[in-house]
Number of protein chains: 2
Amino acid sequence: MNTASFASKPDDRLPRYQQLRDDLVSRIAAGEWAPEKAIATEAELGQFYNVSTGTVRKAIDLLVSDGVLTRTQGKGTFVRRPRFDSSLFRFFRFVSRDGQPVRPTARVLKREVVKPSEEIRIALQMKASEKAIHLSRVRLIEGRTVLSEEIWLPRARFDVLATLPLDQFEDLLYPLYERLCKQVVASATEILRVEQATAETASLLGIKTGSPVIVVHRVASDFAGAPFEWRSTRGAADTFQYQVEIR
Amino acid sequence: MNTASFASKPDDRLPRYQQLRDDLVSRIAAGEWAPEKAIATEAELGQFYNVSTGTVRKAIDLLVSDGVLTRTQGKGTFVRRPRFDSSLFRFFRFVSRDGQPVRPTARVLKREVVKPSEEIRIALQMKASEKAIHLSRVRLIEGRTVLSEEIWLPRARFDVLATLPLDQFEDLLYPLYERLCKQVVASATEILRVEQATAETASLLGIKTGSPVIVVHRVASDFAGAPFEWRSTRGAADTFQYQVEIR
DNA sequence: CAGTGGTCTAGACCACCTG
DNA sequence: AGGTGGTCTAGACCACTGG
């Protein structure tokens, strides 16, 4: 394989399809192919890297199973944009009065630019001096608050959001991040825990103090694996359900 | 591909590697290769089914990613036995007084042979007349009850357990199922919810009535996908944590 | 050493999509 | 019709395991 084709020198001890996979990831992270755009065809990649199409397919297979790419027969191979809209439905089941699933609307209650706690600073790999944007918002269904969210963003990447009028924040933040700040969420890690509602959370969510609350901590990262959003979401435990398959 | 090689007639509209995959699953389900025993080599399978080794590899790839098989270079391809021992650690973090992770011991409190509820009967695909074995047991760490479990088994498959002395039940039931009843767990589905402790659960777990409790409902199935164990596990929510990666 | 799975090639033909 | 990914072949050689 022609080493000169690679963005950075690959580790020759790895199989070619792994080296190829890594190079494709770095090209995607560099923005060479935008989300939902087709990447080079398998034949082109095989020629470019001087490997057979079978090897190209194996590299792409890995990225498809990682959720980075999707293939469509006859059309091409595409950079996948994760569908985080529905990510809450992974944990919470929200239905309107008539039983239809609904996506909650959002309202930002507070925004401040402050030094983050040490926990959040480390999770976001921020320098000690760097400030963060802190958003507090609620999510509502038919006027009723169902979720309470705390969001932390490194100021350096999200400067625009430090001054954006609060009423211009949308229900979904990730499209906003992409449009205004050129930040695309590629993956996330979530941790679930159960708490008993504090007086403050209870009054926000309209539940009794001490009743169970699900807390989802999420760290979202870009295609290069660098974390850039820290978020905690709290909701009443009775709207919660999660399903896992084990093998 | 030689159709006569197949246990049941495969669907010719499917790719060969899919047909092959399905036939391997049915041979595993039929017990042709025991758990932790090597299956036929790739070359043998290619000859037997009259396909190339690349196609055999693709079929095996699918089963490996399904968790049914594992491959070891130089040794062979093996039927995988899921490690359910640690399945509780997926949700609950148990540590002993000195901070080491521990596996709780178990004690069966009650056993009865009764007609199951409609919910459980349907989940286990049992006939209306069939009876079930119901076990109530607790799991303990250093003498303290940390989990409370209700287990339902179809009597037909688990007759031996209807009369086994209660003190001969072991901490882990799945090895017992396999040894005494020839039932091997191949996969399971688990659903998590949060409840507030009833007085009974609270006294079992040594927590306050109304404090949050995690409930894990599990349906375990054999290699053929037939469910044969229904189980619910309750534990205090403060021992709970779960982590997910999203892409 | 022989036997296993792991990597890789250089094609072929098929199924699907778009213009 | 031309281009894409999907399936499949019939090998080759390598890396690892065990006797």
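The chains referred to below are lettered A, B, ... by the order of the sequence lines, with proteins before strands, and numbering in each begins at 1.
The distance between atom CZ of F78(B) and atom C1' of dC16(D), rounded to the nearest whole Å, is 13 Å.
Here K75(B) reaches the OP1 or OP2 of dG18(D): one of its side-chain N or O atoms lies under 4.0 Å away. Remark: T77(A) is in phosphate contact with dG5(D), judged by side-chain N or O atoms under 4.0 Å from OP1 or OP2.
Two residues are said to be in side-chain contact when any heavy atoms from C-beta on lie closer than 4.5 Å; T239(B) and I214(B) fail this criterion.
The CZ atom of R137(A) sits 8.0 Å away from atom OG1 of T233(A), with the distance rounded to the nearest 0.5 Å.
The stretch residues 36-46 of chain A touches DNA chain D through T41(A), E42(A), each having a heavy atom under 4.0 angstrom from the strand.
Of the two residues contacting DNA chain C, namely Q73(A) and L14(A), the nearest-nucleotide position lying further toward the 5' end is that of L14(A). Comparing K58(B) and G74(A) by the nucleotide of DNA chain D whose heavy atom lies nearest to each, the residue mapping closer to the 5' end is G74(A).
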Would you please test R27(A) and I39(A) for side chain to side chain contact (heavy atoms under 4.5 Å, CB included) and show each step?
CA-CA 10 Å; R27(A) 289 173 76 175; I39(A) 69 171; over 6 Å; no

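The two residues F223(A) and A29(A) come nearest to each other via the heavy atoms CB-CA, 3.7 Å.
The only option from D23(B), V68(B), V184(B) that meets the side-chain contact (heavy atoms from CB on, under 4.5 Å) definition with I28(B) turns out to be V68(B).
Ring orientation note: the planes of Y177(B) and Y174(B) are tilted relative to one another, at an angle of 30° to 60°.
First and last contacts of DNA chain C with chain B, using any nucleotide atom under 4.0 Å from a protein heavy atom and ordered 5' to 3', fall at dG3(C) to dT7(C).
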